[in-house]
Amino acid sequence: MSDVSVDMSPSLAGVKMTAPLLEVEELKVEFRTRAGIAKAINGVSFEVNSGETLAILGESGCGKSVTAQAIMGILDTPPGYITGGQIRYRGVDLLKRTDEERRLVRANKIAMIFQDALSALNPVFTVGFQLAELFRKHRGMSRADGKKRAVELLDLVKIPAARQRVSDFPHQFSGGMRQRVMIAMSLALDPELLIADEPTTALDVTVQAQIMSLLAELQRERQMGMILITHDMGVVADVADRINIMYAGRIVEKAPVYDIYAKPSHPYTKALLESIPRVDLKGQQLNVIRGLPPNLTRIPAGCAFNPRCRYVRDACKVDPIPPLYEIKPGISSACHFWKEVRGDD
Amino acid sequence: MRGKSPMKVAVAATAIALFAAGCQTDSTPEAPAAGGTIRVGSSEAAGLLPGFDDSPSIVVLRTIYAGLVENDNNDGKVVNQIAQSITSDDNKTWTVKLKNNYKFHNGEAVNADSFINGWNYVAYGPNAQPNAPFFGSIVGWSDLQSEDPDGEEGPQKAPEPKAKTMSGLKKIDDFSFTVTLAEPFVGWPATVGYSGFFPWAKACLADTKGCNETPIGNGPYKIEGSWRHNVGVTVVRNPDWAGASKGKPDKIEFKIYDKIDTGYADFEAGELDIWDGVPPAKYKEAKGKYGERMFENPSNTFTYVGLPLYNDNFKEVKVRQALSLAIDRQAIIDAVFDGRFSAAQGVISPNFEGYRPGACANCKYDAAKAKALLAEAGGWKGGKIVLWANAGAGHDKWLQAVGDGWKRDLGIDYELKVDLQFPQYLATGDAKKFTGPFRLGWGPDYAFLETYITPLYSTTGSSNSSGYSNPELDKLIKDAAAAKSIADGIKFYQQAEDLVVRDIPVIPMWFGRTANVRSENVKDYVYNKIHGTVYTEITLKDPNAVK
Amino acid sequence: MSDPVTTATSDNPAVIPVQAGPGVNPQGPTQERAASLWSDARRELIRNPIFLASVSFILIVSSMAILPSMWTSKNPRDCDIKFAKLSPSAEHWFGTNVLGCDYYSHAIYGARPSLSIALIATTGVTLIGVVLGMLAGFFGGWVDTLISRIIDMIYSLPFLLGALVILGVLRQSDLLHSDQWWPPVLVVAIVLIILGWVGVARIMRGSVLSAKNLDYVLAAKSLGASNSRLMFRHILPNAIAPVVVVATISLGGYIGAEATLTFLGAGLQPPAVSWGTMIAGNIDYFNEYKYLVLIPCGLLVPTVLSFILAGDALRDALDPKLR
Amino acid sequence: MGRYIVRRLLQFIPTVLGTLFLLHYLTTVGIQLTGNPIRALFGDKRPAPETLAALTSRLHLDDPCLKQKGNPCLGLFRERLVDIGQLDFGTNFRFRPVFDWRGFFDRAHASIITDALPYTIKITIIAFTIEALVGVFIGMRAGMKPGKSLDYSVKISTVMVISVPVFVLGILIQQFITRDFGNFLRGQEWIPEVISRGVFGSAYKQEFPFASLIIPGIVLGMLSLATTARLTRTSVHENMRADYVRTAKAKGLTHKRVIGVHTLRNSLIPVATNLGLSIGGYMTGAIITETIFNVPGVGNQTARAIFQGEPAVLIGITTMLVLVYLVANLLVDLLYAVLDPRIRYE
């Protein structure tokens with residue numbers, strides 16, 4: 001392969017370092033499948049700044065991962081298409097840039113950690129190769145230098161005997177170690193933003209904690225922005241600064257992490273919190289959310305959550321879709337009846 | 001198809017010519033040889049020894065060996081080659097005198113021992129030489145054969161034959177010997193021109209395996225290198241050859257092709273100077289394309305549809321006649337073979353002395369007569385008629401046309417059984433297990449019409465596959481053998497032919513036609529009506545065309 | 001896919017595990033899902049022009065095979081050598097062949113044996129291959145050893161060598177000579193099956209080996225499913241996809257194989273009419289009478305093409321991963 | 001690894017014995033049902049019984065069990081095995097030895113297999129190269145853009161190749177390419193002979209031992225090329241959706257590298273298996289291809305042996321083919337472990 005070696009710090013024309021690290025505005029993504037058009041993301045907006053961790057939380061299929069892929073520019077097209085909105089990195093709308101410019105943003109500026117490291121790492125190459133590849137292709141390093149850097153990275157993510165393990169294949173690592181490799185890979189080129197897509201879902205609980213604290217530590221040290229995508233309310237509590245709750249391709253609630261736990265403003269958030277088993281409620285019936293997430297090819301009119309909602313009224317079943325009502329600065333909810341939900345008067 | 005009738009013998013003209021040909025071999029000095037290399041299409045030979053040959057072998061053997069007699073290129077008459085004379089008082093004991101100036105390629109002299117030892121070797125049963133039966137008429141042949149020892153209990157070691165040499169072969173001196181036959185046979189000298197009777201060098205008898213790969217012959221050409229199996233054989237002019245004609249080309253390359261279509265394709269691509277036998281389906285095209293460069297001549301191969309007389313359905317003469325009458329031979333030849341054959345008018349080759357055009361009244365297409373005869377015979381009772389042929393040789397098409405004709409004119413439906421490979425097919429025939437008409441062919445052993453009668457139709461005939469037996473015919477054959485002269489004999493054989501075409505034990509179909517093509521570079525093309533193309537006499541316009 | 005995946009198939013294992021596309025409702029009553037898999041596929045297929053074209057062609061050709069008299073009033077066995085090798089005309093749409101038979105009726109009547117051989121052979125090969133491959137992969141041990149060695153044996157025998165030798169033996173049974181049209185067809189199909197099942201069995205064995213340790217199989221096993229239930233309800237639907245591909249390809253191959261065997265003198269024999277005998281019997285005349293070869297090829301090639309394209313479309317429609 | 005190979009080699013024994021017996025049995029039944037194949041050597045004319053008997057005995061076809069229908073002739077099989085054990089594979093009906101290993105080095109010990117094998121190896125290499133390069137390339141291109149015109153044209157052209165019987169293909173090529181186009185080339189002075197007579201010659205030529213095998217090799221390779229292309233297409237298509245391919249994209253690698261390194265390497269694993277196995281498949285194709293193009297290789301000899309019904313040649317060639325197949329299989333499995341580090345043989 002005749003890759004052009006790229007200079008040390010590829011820069012993107014028009015970047016303003018004063019602009020927010022990442023702003024997503026009215027992003028719309030749809031999947032044109034044979035079963036019909038699935039509206040996976042229907043106008044999502046949020047922003048992340050350096051040193052900050054934003055958690056995006058929601059059930060399976062709510063569009064979290066698609067958002068991440070859209071930001072990274074690795075959405076499978078077809079079937080996925082971005083049909084509207086902007087993704088601004090330091091003020092530059094990435095969607096308007098060429099494929100080549102976007103490619104250089106990946107890993108250099110924005111990196112991503114995938115959920116299942118076993119399948120996300122190429123099974124036929126050593127982890128050393130896969131790490132060194134980044135340095136060789138983006139920094140023009142030799143194989144030997146690349147390998148040296150790979151060992152340093154493995155050390156950084158606290159993999160014991162890194163020098164030996166660099167020549168191992170992914171399947172020879174344990175789940176936690178593999179996820180560390182994945183983290184090492186994402187950090188290799190010092191990105192400004194890290195997107196962690198369910199980084200701990202596939203791991204044992206004890207390992208989960210180790211990985212999360214490693215991630216948090218690295219993020220703090222490097223002052224990276226981080227988007228943490230998860231469905232696990234427990235995971236975010238310690239790590240995230242702010243939380244966005246997603247449902248059926250929309251953000252239904254935005255709030256700082258403390259407020260979410262203390263006083264959810266959307267029936268869906270509330271239901272999610274109630275479905276976490278809690279020691280203090282031992283012996284009681286666990287509140288599960290009734291029903292299923294909607295089929296994205298046939299999203300119900302009005303609020304998408306209405307068929308499952310405890311607070312549902314007739315107004316919820318007809319358009320317009322509830323907007324994100326700003327409750328107070330930093331907190332907003334897409335429920336007509338947020339007051340009732342919060343128990344405010 | 002080439003190589004499909006491997007042990008084909010193609011020998012000599014009439015017996016009368018023999019005596020006249022006493023001693024007329026002296027050579028007038030040849031004009032300087034034309035030189036160059038001619039490239040000839042051939043196919044893989046069975047062997048390059050006189051004991052084990054087939055038609056592709058013979059093509060090569062005739063350039064590197066020379067026999068006692070040969071056939072004149074102009075008229076096919078038998079003339080002496082190595083023999084000084086072959087004479088007999090009683091047609092039973094023949095005295096062969098040899099010329100003394102011929103040598104094998106390794107320097108050995110060609111003498112009486114070369115013939116006697118060679119013939120004994122071929123005839124000796126345990127040597128398993130397929131040409132052994134050619135010596136069967138010599139006294140003592142059966143002593144060289146071992147009894148078949150295998151009983152029901154399992155294979156056993158064959159006992160040694162009683163003798164290793166035939167008592168009928170006696171050396172007189174280095175250059176003369178006598179041959180004693182079990183029965184008088186006036187035509188015997190004509191048979192010795194056949195490649196099975198070629199002499200053997202001592203070195204060759206000592207190492208037959210090696211000699212098969214690198215033959216040591218005594219002919220006008222000698223092998224260059226050795227036989228490249230499935231690829232080719234190259235022969236070059238033998239400077240020590242004592243014969244009259246020194247051979248025209250410097251070199252003859254026989255290129256081996258497995259399929260006639262491939263060989264012909266290579267000829268069309270300009271890779272060959274001579275291709276003998278244009279594929280039937282391409283005959284018409286070739287005729288238009290090559291015109292003058294295609295040589296055509298009637299051939300002696302006889303194709304017939306045998307009728308299994310051992311099957312009740314074919315016992316009635318009128319049924320057999322009806323079947324024969326209901327075949328439109330010419331239409332089949334035109335449609336399937338583009339006119340490449342001559343419809344049979346009897347069972348004897350048109351090239352042969354004694355041939356009578358129109359001898360076979362039952363061979364003319366006459367649907368009405370056929371229908372009437374079948375009705376007289378009480379109609380056809382055998383259900384579907386099964387037509388047999390061996391697989392993969394292209395016989396199914398014309399047999400199908402024959403069947404279509406019967407279906408149309410006689411209302412007899414048919415099916416083809418054309419999936420047996422040749423060995424199985426022949427074995428089926430030998431075991432008399434054909435359930436319906438079957439295709440077979442016949443080539444003459446020698447150029448005397450007897451060869452078309454006795455083996456095929458006499459009760460004890462070696463190749464009587466229809467099971468025909470007619471005492472009248474057997475008597476005629478005996479009378480012919482006892483005839484005073486050849487001319488008398490021919491009359492008897494013609495009467496025998498009349499019986500055959502009346503009784504129709506086989507349905508005569510047609511005689512072949514050679515269609516040999518040559519490249520533009522060929523100047524003189526020489527054809528011997530007994531052996532076919534004479535490669536050694538071909539000259540080229542530009543001898544240096546091929547490096 | 002990093003999206004959470006529905007693997008909840010253990011409750012109804014007959015369903016191919018649905019890997020939901022992003023946002024497509026992954027749960028729901030399993031019965032409905034099973035039905036929707038097929039109804040989705042059907043909806044999908046009737047909108048696919050390539051599938052429709054292929055199926056139409058297959059239907060046309062099948063109607064030739066089933067009811068040849070619907071297509072032509074001429075009898076392919078009525079031949080008159082006097083009208084040999086006529087070019088296509090109003091009287092003879094496809095001309096006449098070397099023996100003066102109407103070539104159009106040959107083309108129509110030739111469909112039945114050709115299609116029958118291909119269908120019987122493909123069915124047989126698939127059934128035997130799937131069952132034996134499944135047994136070998138599932139049970140392992142001596143069953144696997146035995147079946148694998150037999151597979152090796154047949155695999156290493158060149159196909160034509162095996163076919164010619166076996167046909168040489170089988171044809172002694174007189175099955176190839178019958179008043180019925182089907183016995184020779186069956187014999188050729190059986191030989192193709194004998195030599196062909198190993199390919200499918202091999203693929204099946206591999207698929208089963210990899211499927212048998214998948215979670216949902218282990219789950220079913222832990223729920224006490226019987227061996228046969230495990231094999232045919234849990235593993236089979238997941239291991240069958242590559243078999244379908246091979247089967248559609250080989251179906252075409254068998255139509256051609258019939259022609260090749262005939263060419264070598266071992267397949268169907270004239271006067272039986274099949275596309276194979278039409279091609280093999282007239283290839284010699286190709287130079288001068290091109291239509292004699294082009295017409296049967298012109299039927300055979302699109303037929304094979306249709307089967308393969310239809311098979312592909314079907315597979316794609318049934319493959320949830322492609323949704 | 002070593003133990004694994006030894007175990008596999010031991011497995012060869014039953015397979016080879018089984019195949020030998022299968023072929024022994026089939027040819028034996030063939031002879032029992034149809035009679036002595038040596039009879040065919042004499043064509044339409046019937047030979048003297050003594051001569052036929054002498055030849056039959058010389059060629060070891062005189063075992064009385066060959067006359068008893070259905071008898072498996074175990075005695076004869078044992079004899080053959082003993083002979084084969086001593087590397088004596090018998091002769092064809094013309095007394096040419098079937099196999100003599102010395103024939104590889106010394107013309108004096110030439111045998112059918114040692115003569116034929118070099119041609120078949122050459123033509124196989126050509127066919128294999130074509131199949132691997134062209135098949136993988138077009139399969140890859142088609143797999144990258146499924147449902148697009150290239151995908152369909154690849155699909156349709158591969159199906160064409162599958163559905164047209166080999167002999168038709170061979171004969172068409174011989175007519176239009178080597179004859180018509182070849183003759184045109186041969187009419188041009190400036191075209192070197194190695195092209196006009198070698199590559200575009202109608203048949204194999206000794207003068208151009210490699211060039212004149214190219215077209216037969218292409219015809220041979222085309223048969224499995226279709227399968228390879230389709231398999232590559234499917235495999236690439238599936239791997240394109242694999243998580244690690246997405247990772248590679250997320251790493252900011254170029255499209256070329258994502259496809260060429262990360263997708264292809266994984267997609268080639270099943271393709272490599274198929275390629276290895278297709279070497280065995282070439283032998284079937286070679287029977288027809290070599291006959292049409294007059295290549296004096298193993299396929300040609302097999303065809304001849306089938307039609308002449310020569311059991312010794314069939315058994316000899318099959319033994320060789322089985323071994324070639326088994327070794328190729330073993331190599332493929334070992335290659336598998338090289339390509340896919342997750343596989344370990346114990």
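Everything quoted here is computed from the prediction, not taken from an experiment. Naming: A, B, ... by sequence-line order, numbering from 1 per chain.
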Can you tell whether the side chains of [X] and [Y] come within less than 4.0 Å, N to carboxylate O?
X: A:E133; Y: D:R257; value: yes
X: A:R32; Y: A:E30; value: yes
X: A:D116; Y: A:R178; value: no
X: A:D168; Y: A:R165; value: yes

| task | Return the option, out of D:D340, D:N266, D:V245, with the maximum number of heavy-atom pairs under 4.5 Å with chain A. | result | D:N266
| field | Trace of the salt bridge (charged side-chain N to carboxylate O under 4.0 Å, His left out) decision for A:R222 with A:E192 | value | CA-CA 8 Å; A:R222 297 172 173 236; A:E192 294 173 61; over 6 Å; no
| message | Below 4.5 Å, heavy-atom pairs only: which of A:P123, A:A111, A:G73 has the largest tally toward chain D? | response | A:P123
Portion of [X] that has a non-hydrogen atom of chain D nearer than 4.5 angstrom:
X: A:A120; value: both
X: A:I74; value: both
X: A:Q130; value: both

| Part of D:I269 within contact of chain A (heavy atom distance under 4.5 Å) | side chain
